[in-house]
Amino acid sequence: MDSWDHLSSKLTNGLASYDVRAILQDRTGTCWVGTFGGLNVWSNQQFTSITTRQGLSDDRVQTLYEDSESTLWIGTQKGLNRLRKGVVRALTSQDGLFHDVVNQILEDDSGNFWMSCPAGIYQVNRQHLNDVADGRTNRIRCVAYGESDGMVSSETAGGSQPAGCKARDGRLWFPTAKGVVVFDPQSLPENRIPPPVVIEQVIVDDEVVHGDRSSRPKEAPISQLAPHEVSAPSPRLLRLGPGRARYVEFRYTANSFTAPENVRFKYRLEGHDQDWRDAGAERSARYNNLRPGNYTFRVKASNNHGYWNEVGDSFAFSLAPHFYQTAWFSIACALAVIGVGFGIHPVRVGVIREFERLRQQHALELERARIAQDMHDELGANLTNIALLGEVVKQNLSRTELIQTEAEKISNIAGGLVDNLSELVWAANPKHDTLPELVSYLREKIGSFFEGDAIRCRMDFPANPPDLPVAGNVRRNLYLAVKEALHNVLKHSRATEVCVRLRCVSDDTSRETHSPSKPTTLEIQITDNGRGFDANGNNNGLHHGLENMKRRLADLNGTFNLQSGPGQGTNICMRITL
């Protein structure tokens, strides 16, 4: 007894539930236990549970069956389940199963499953179940048997295993509420007569327009019916006026004297449905808010053994459109829109031209104001200095040395004034508003900037820059920023070499190229091998020049990056989008 008690406590430990309903040992010797808490497998001296979390349709397992392919079938109170290679696939009444409660699973010599349920016994081909489980077809075909087929009671017993068995002679035995059912699957009579199908009623917007209690005046000719009423040239073809068919219901039936409760239906509304709809045992079909057009409702039915009446019954009707739903109304609206478009096009073109004129005028005024400001800043101060130096010379004509010094100052200021004036003229001239002109100008100015100086200047410019437009203010601000950077190199860096690199880069690549369909970034890098400086510190004279460069790049919606450190040289990178 000690050994028995030890085994008992060991086996119950780990079960999903102590309410055991089925036990099966498969061909490999593995033991499966079905409980009202899930399916359990005994392996490596412990239980492992398979429940709805792993895909089981229901945790209340009632029966287990292993087929010839070593596939485990699990019957529950909410469907049939297939366990193959560790994967659970659930099949329920939504997939076409006759009933969700599975009391027992038996297999005949032809590969058909016979399953009992509270509503009778039904047969389904095992391969067909596998096809549905694997997605090769989407609907289970079942043949059901009940009291109309000779059973004393359709309510079979279940809840624990076994709830049926297969005898050595191939006959199947099932317990019911009123005795035992025994039959030979190979000799059961088959009902091959499909049931006739009849559409009993058609209801449109709560009005019966076909069938019993129809309110339509059948004797009235079509011309006497109001547009909102239903008119029909024949009893089977109806014409609905505009605004009808917000709700349409078709009620149908199939006259079968053998197991009428097992009759199944499919229907389709041609002009609306792409394919047939499986209605199961439902005997009505409903549609809402149909669009104007011609429709034919078709319904077919199968008997209790799955033989279909493919002809079925049909009902044709048409729904007239409102005037605003007709083709001529759409054409008229389209023509009206086109006419309005042609009518307002000259006005639109005039507005666009006026807007463009005002935009150009505003741009011209801004450019004139900029040139005036530059001339005031660049020329005014220098001319004032020349005038003051001239007065000094006039007052000291006898002092030869002073005159020479002041004359040299006047000459230097005048030379700078000529350069500034040349830069203003270059920036204002619209014929230079291209990238090649900017590159050529930079190459010329940078080359002359270090003439006569010990600093060696290298330039890395593209041989054939893309022909992109560059506005005058952009060219000027970019040139002045480059000029300021080179001035700092010449004045503060103590460098022996400086490199100026210019390249055009499309935004979608890091390669030096240009794509007409992508924005292009113009990048200018100025690198020297000088003494460098602390970029985060207070650098006296450098600070004002750096702020000027940053401000100019910000005005162009560009970026300005500076990297430097004591003894590490300086690298400046300017980027703008053209």
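Sequential numbering from 1 along the given sequence is applied to the chain's residues. Predicted model only: the values in this text are computed from it and were never measured.
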With a 6.0 Å cut-off (strictly less than), is the heavy-atom count around [atom1] of [X], excluding the residue itself, greater than 12?
X	atom1	value
Arg141	CZ	no
Lys78	NZ	no
Asn464	CG	no

Counting distance only, does the side-chain N/O of [X] pair as donor-acceptor with the main-chain N or O of [Y] below 3.5 Å?
X	Y	result
Asn130	Ala133	no
Asn125	Gln127	yes
Glu147	Met151	no
Thr156	Cys117	yes
Gln62	Val102	yes
Glu282	Ala279	no
Gln77	Asp100	no
Asn40	Val33	yes
Asn112	Asp108	no

Would you call [X] and [Y] a salt bridge, using N to O less than 4.0 angstrom?
X	Y	result
Asp278	Arg139	yes
Asp134	Arg82	yes
Arg21	Asp19	yes
Asp67	Arg126	yes
Arg251	Glu200	no
Lys166	Glu107	no
Glu69	Arg84	yes

Min side-chain heavy-atom separation Thr76-Ile74 under 4.5 Å: yes
Heavy-atom check, side chain of Trp32 versus side chain of Leu39, under 4.5 Å: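 Yes; the side chains approach each other to less than 4.5 Å.
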Heavy-atom pair with the smallest gap, counting every atom of Thr63 and Asn103: CB-O, 3.6 Å
Considering all heavy atoms, the nearest Gly164-Gln104 contact: O-NE2, 3.7 Å
Phe297: partners by ring pair (Phe, Tyr, Trp, His ring centres under 6.0 Å), with sequence neighbours left out: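 Phe297 satisfies ring pair (Phe, Tyr, Trp, His ring centres under 6.0 Å) with Phe250, Tyr267 once adjacent residues are dropped.
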Test of ring centre spacing under 6.0 Å for Tyr287 and His272: yes
Distance flag, aromatic centroids of Tyr145 and Trp114, threshold under 6.0 Å: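 Ring centroids of Trp114 and Tyr145 are less than 6.0 Å from each other.
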